[in-house]
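Below is one structure, written out as structure tokens; comments come after it.
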Amino acid sequence: MSKVLIIAPGSDLQKSLRFALEAEGHSVVLRNGFHDPQGIPDDFDCAILDHHAAQGHLALASAFVETASPVILLANTDTHPLAAHSFRFITKPFLGPALSKAVGDALARLTPTK
């Protein structure tokens, strides 16, 4: 079972992402942002970062995206400063299998082929 970290403010988005990913068999850890008192864990296989979680913490978010690969960025526009550095960028709102495919691609990148 893979462990997916979701960094997103707002419980509605968190619940929606968690539901979708747990339905596919992933274990999910939630954080509200880089200011979360629980801190950002480093033991995950893939991270999903909502651009709102980076507001006011762009330097921390940038360092996270560059060192904690693979990170999937959810943002309203592909001109977001973190888009070019993320493993995958998904424009919000997204429909269909976009998130599932991005997570699958990120996890496949971590699994050596036989």
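Throughout, numbering of the chain's residues begins at 1 and tracks the sequence.
Ring geometry for His57 versus Phe34: interplanar angle of 30 to 60°, hence tilted.
Closest approach of Asn76 to Thr91, counting heavy atoms only: O-CG2, 3.6 Å. Nearest heavy atoms, Cys46 versus Ala106: SG-CB, 3.8 Å. Among all heavy-atom pairs drawn from Thr67 and Ala63, the shortest one is OG1-O, 2.8 Å. Considering all non-hydrogen atoms of both residues, Val29 and Pro41 come closest at CG1-CG, 4.2 Å. Here the shortest heavy-atom pairing between Ala54 and Leu82 reads CB-CD1, 3.9 Å. Nearest heavy-atom pair, Ala75 versus His51, reported as atom, atom and distance to 0.1 Å: CA-CD2, 3.4 Å.
Here CD1 of Ile90 is found 5.5 Å from CG of Leu74. Values are rounded to the nearest 0.5 Å. With rounding to the nearest 0.5 angstrom, the CD1 atom of Ile6 is 5.0 Å from the CG atom of Leu21. To the nearest 0.5 angstrom, Arg18 atom CZ is 11.5 Å from Ser11 atom OG. The CE atom of Met1 sits 8.5 Å away from atom CD of Glu22, with the distance rounded to the nearest 0.5 Å. A distance of 8.0 Å separates CG in Asp50 from CG in Leu73, rounded to the nearest 0.5 Å.
Side-chain contact between Val65 and Phe87 is absent, with no heavy-atom pair separated by less than 4.5 Å. Between His26 and Leu107 there is a side-chain heavy-atom pair separated by less than 4.5 Å. In this structure, Ser100 and Glu24 have side chains that are in contact, with non-hydrogen atoms separated by less than 4.5 Å. Counting heavy atoms from C-beta on, the side chains of Ser27 and Val4 never come closer than 4.5 Å.
Applying the side chain to side chain donor-acceptor pair (under 3.5 Å) rule to Thr77 yields the partners Thr79; only residues at least two apart in sequence or on another chain are considered.
Here the side chain of Gln14 pairs no donor or acceptor atom with the backbone of Pro9 at under 3.5 angstrom.
The only option from Asp45, Ile48, Ile40 that meets the side-chain contact (heavy atoms from CB on, under 4.5 Å) definition with Leu5 turns out to be Ile40.
Annotation: Lys92, atom NZ; neighbour count of heavy atoms from other residues, nucleotides and ligands within 6.0 Å is above 12.
Judged purely by distance below 3.5 Å, without hydrogens or angles, the side chains of Gln38 and Asn32 never pair a donor atom with an acceptor atom.
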